[in-house]
Amino acid sequence: MSNALNLLAVQNVAVLRALRDRPDGGWDNVPALANHLGRDRSNLAKTLDKLEAEGLAAFNPLAHGLTSDGLAQLAMIDRAEGGAAGQGADPGASADRAGGVLFLTHAQILPDPANARRDWDSDEARDELDALRQDVLQNGLLQNLVVRGPEADIGGVRIADGQGDYAPLYTLVGGERRWRAIGEAITDGDWEVDTPIPCRLLETDDLGHRLAALAENLQRRNLNPLEKAQAFEALAEAGLSNKEIADRVSCTPEHVQQHRRFLQLDEADQQRMSLSKDDPRHLSVREARQKLAKKSDEPAAIVLSPTARLALAEVRHATFARGGGMWASIRVNETALQSEDLQHLVDIGALRHDGRAQYGKNAGWNEIARGHIWPYPVFDPPLDVPTDDEPSRDQALRDEQLRAGHTPADPVDGEPAAYFTPWLADLGELSAEGQEIAAAARLREETEAKERQRRDDERAQRTRLWAEARARHTQLLEAAHAAPLAGDPSEVAAIAADVERPFPWRMLPTAQIVAANGASVKDRLTYGAPSDQELAINQMIVVAANTAAGYATPAIEAPAPEDEESDGADA
């Protein structure tokens with residue numbers, strides 16, 4: 001037995017009810033039933049024959065009534081009409097009042113273009129739709145769809161009722177998942193295209209329609225945050241405040257505002273919010289809030305004049321072509337200091353100008369570089385000169401030059417890029433002031449180079465002396481290994497002096513061993529107070545070394561007394 005409504009049953013529901021509720025003994029004849037229904041007797045006789053042939057009415061329906069299929073169809077119609085014993089209606093016929101039930105074919109029902117729900121293709125949505133389709137096929141449509149209309153300005157659809165008439169179109173307010181499930185069943189051949197679908201008619205304007213649709217979706221499977229945000233935004237565009245929206249859908253105004261802000265995310269992040277939660281690419285509500293919080297802290301985009309924008313793009317390119325890196329400083333012409341464009345770029349933090357360089361290859365020149373401020377200014381439209389790819393960087397420069405109305409020359413391998421910003425394109429001559437600074441820088445560099453060479457020579461000399469002392473010490477160790485009493489104390493003392501650790505050595509109260517000149521021989525093992533073991537070992541080293549060199553070991557210094565707190569205030 002099918003759980004779908006039968007078109008013949010829907011069209012003749014009054015006849016089905018009369019056969020079900022026939023008087024004792026049944027109807028006397030067709031004229032008696034026709035009088036009861038107000039129908040033409042000849043047409044009624046044909047209807048009874050069709051109901052019997054369809055298996056809805058029993059043999060001799062006037063006496064025996066409906067079959068089990070006929071009773072089931074009537075029960076579904078009663079359920080669809082909310083139990084009302086109203087007259088049946090042809091598919092597409094208007095209900096008498098708002099809230100009334102009409103029976104429409106699937107083709108007569110249009111999806112709501114403003115429906116907040118957008119997720120029909122995720123695995124989760126497809127699984128739910130397939131389960132709903134199976135439920136509708138097995139148990140019938142247990143809840144009516146909700147529609148508004150008819151949509152007079154859209155037209156109609158020809159229904160397969162044998163008459164070729166056009167039936168009006170209606171727009172869904174609630175139940176799009178059920179409508180889509182029926183559509184898939186029709187595609188698979190499990191649902192007849194002309195099977196009536198019970199729908200409740202809702203008379204409402206656009207705002208009421210959106211509220212009703214949102215309420216319908218909130219009562220079903222939870223909308224994802226982005227779908228909810230789009231629904232709230234549609235209501236706001238219709239004139240409702242956040243508080244009014246919140247009152248209508250039973251939430252807080254903060255909840256509404258928070259979701260509307262999700263629409264400020266870029267398109268990629270909005271798509272990630274629509275993914276199922278088990279998808280690794282899914283953007284959670286918490287992550288979306290963090291992105292929005294970070295975005296709200298970003299400065300507003302700056303619109304640059306064409307010449308200032310070109311100057312910034314060319315400086316960025318030149319920092320790689322002339323300077324070697326993103327933060328490199330580059331030379332500019334003296335006239336750059338009178339440029340309003342450069343001053344504006346410095347004022348907004350895009351570039352920095354630190355005056356004349358006092359050191360390095362740019363000494364004496366005015367130099368500029370990328371600004372160090374954070375966050376870096378954002379421009380509208382975005383200005384991007386790639387940092388890690390030379391061809392892309394050159395192409396970006398050409399694009400900006402074309403945007404500014406210039407025609408860049410075709411690139412030539414090995415040739416530097418040509419700039420159109422005057423104080424960058426032609427560096428000119430170094431001024432007298434700059435020449436003085438450059439000369440002083442060269443002199444300073446020469447002096448520093450000589451000093452570095454002197455220190456290097458001294459370091460090399462000490463290295464040679466220490467290497468010789470190490471060789472002599474190795475000989476001394478070999479002699480001591482062969483004969484413990486061997487080894488000249490004066491040689492031990494001489495080696496210690498060569499490595500700048502002259503005897504006698506002594507141990508400090510901290511357990512550190514130092515030479516006669518105060519240089520450290522052996523540092524502490526730990527930063528805490530020395531243990532008795534460490535003190536004993538280090539003192540033994542001092543005594544042994546001094547004895548080997550022929551020196552007496554100095555007395556152990558007493559620890560310095562700790563400061564005692566004064567009993568009274570300072571006088």
Side-chain angles (χ1 to χ4, degrees), residues 299 302 304-305 307-379 382-401 403-404 406 408-409 411-431 433-446 448-449 452:
I302 299 173
L304 295 173
S305 69
T307 54
R309 182 181 177 88
L310 177 62
L312 179 58
E314 293 187 337
V315 167
R316 286 189 179 181
H317 186 278
T319 56
F320 290 92
R322 297 178 177 178
M326 179 185 297
W327 305 107
S329 297
I330 59 172
R331 303 175 181 181
V332 293
N333 191 291
E334 299 284 337
T335 61
L337 302 183
Q338 285 76 49
S339 169
E340 294 182 359
D341 289 336
L342 177 58
Q343 186 58 53
H344 178 58
L345 293 172
V346 171
D347 290 343
I348 64 176
L351 297 177
R352 72 178 193 273
H353 171 244
D354 299 326
R356 293 184 185 275
Q358 302 297 312
Y359 305 93
K361 64 180 181 179
N362 292 335
W365 290 90
N366 281 292
E367 59 180 0
I368 59 176
R370 182 186 177 100
H372 283 152
I373 68 167
W374 181 260
Y376 195 72
V378 177
F379 302 103
L383 196 161
D384 181 30
V385 177
T387 61
D388 55 356
D389 181 68
E390 183 176 352
S392 298
R393 188 163 57 244
D394 291 344
Q395 185 58 51
L397 174 65
R398 292 172 58 82
D399 292 343
E400 289 295 336
Q401 291 173 337
R403 181 195 294 271
H406 298 287
V412 178
D413 290 342
E415 292 292 327
Y419 302 123
F420 291 94
T421 301
W423 42 265
L424 190 61
D426 181 10
L427 297 180
E429 298 294 333
L430 192 59
S431 67
E433 178 187 359
Q435 291 176 5
E436 292 179 2
I437 294 175
R442 286 194 297 271
L443 178 60
R444 183 167 52 249
E445 289 174 357
E446 292 172 359
E448 291 174 352
R452 285 194 299 272

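Keep in mind that this is a model prediction, so the values were computed, not measured.
- A salt bridge does not link Glu445 to Arg442: none of the charged side-chain nitrogens sits closer than 4.0 Å to a carboxylate oxygen.
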Using the side chain to side chain contact (heavy atoms under 4.5 Å, CB included) rule, take Leu427 and Trp365 through it: C-alpha gap first, then chi angles, then the decisive distance, then the call. CA-CA 9 Å; Leu427 297 180; Trp365 290 90; 4.2 Å; yes

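- In this structure, Asn333 contributes its side chain and Trp423 its backbone to no donor-acceptor pair below 3.5 Å.
- More than 12 heavy atoms of other residues, nucleotides or ligands lie within 6.0 Å of CD in Gln338, so this atom counts as buried by the packing criterion.
- There is no side-chain donor-acceptor pair under 3.5 Å between His317 and Arg393.
- With a 6.0 Å radius and a threshold of 12 heavy atoms from other residues, nucleotides or ligands, Glu448 has its CD atom above the threshold.
- Of all heavy-atom pairs between Leu345 and Ala311, the closest is CD1-CB, 4.2 Å.
- Here CG of Asp389 is found 9.0 Å from CG of Asp394. Values are rounded to the nearest 0.5 Å.
- Taking the charged nitrogens against the carboxylate oxygens, Arg356 and Glu334 do have a contact shorter than 4.0 Å, which makes a salt bridge.
- Between the side chain of Arg352 and the backbone N or O of Arg370 there is at least one donor-acceptor pair closer than 3.5 Å.
- Side-chain contact between Val315 and Leu342 is absent, with no heavy atoms from C-beta onward closer than 4.5 Å.
- Remark: the backbone N or O of Phe420 is paired with a side-chain donor or acceptor of Glu314 at under 3.5 angstrom.
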Run the side chain to side chain contact (heavy atoms under 4.5 Å, CB included) test on Val378 and Ile302 for me, step by step, so that the C-alpha distance in whole Å, both residues' side-chain angles and the decisive distance to 0.1 Å come before the verdict. CA-CA 6 Å; Val378 177; Ile302 299 173; over 6 Å; no

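- The CG atom of Leu310 sits 9.0 Å away from the CG atom of Asp341 when rounded to the nearest 0.5 Å.
- How far CG of Leu351 is from NE2 of His372: 11.0 Å, rounded to the nearest 0.5 Å.
- Legend: ring-ring contact (aromatic ring centres under 6.0 Å, His included) pairs involving residues 328-363, not counting sequence neighbours: none detected.
- Under a 3.5 Å cut-off, the side chain of Ser305 and the backbone N or O of Ala308 do form a donor-acceptor pair.
- Closest of all the heavy-atom pairs between Ala441 and Ala363 is CB-CB, 3.6 Å.
- Separating the CG atom in Leu304 from the CG atom in Leu383 is a distance of 7.5 Å, to the nearest 0.5 Å.
- Counting only residues at least two apart or in different chains, side chain to side chain donor-acceptor pair (under 3.5 Å) contacts with residues 321-332 comprise Arg331-Asn362.
- A distance of 11.5 Å separates CG in Leu312 from OG1 in Thr307, rounded to the nearest 0.5 Å.
- Between Glu367 atom CD and Ile330 atom CD1 the span is 9.5 Å, to the nearest 0.5 Å.
- Residues meeting the side-chain hydrogen bond (donor to acceptor under 3.5 Å, both in side chains) test with Gln358, sequence neighbours left out: none.
- Between Ile348 and Phe379, some side-chain heavy-atom pair lies under the 4.5 Å cut-off.
- Between the side chain of Arg398 and the backbone N or O of Ala409, at least one donor-acceptor pair lies under 3.5 Å.
- Under the 3.5 Å distance criterion, the side-chain polar atoms of Gln401 are left unmatched by any main-chain donor or acceptor of Ala313.
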For a side chain to side chain contact (heavy atoms under 4.5 Å, CB included) check, start with the C-alpha distance between Leu337 and Val332, then their side-chain angles and the critical distance, and finish with the verdict. CA-CA 9 Å; Leu337 302 183; Val332 293; 5.9 Å; no

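- Residues Ala350 and Tyr376 share a closest heavy-atom pair of O-OH, 2.8 Å.
- Using a 4.5 Å cut-off on side-chain heavy atoms (C-beta onward), Leu397 and Arg316 make no contact.
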Evaluate the side chain to side chain contact (heavy atoms under 4.5 Å, CB included) criterion for residues Phe320 and Glu390: first the C-alpha distance (whole Å), next the side-chain angles of each, then the deciding distance (0.1 Å), finally the verdict. CA-CA 9 Å; Phe320 290 92; Glu390 183 176 352; over 6 Å; no

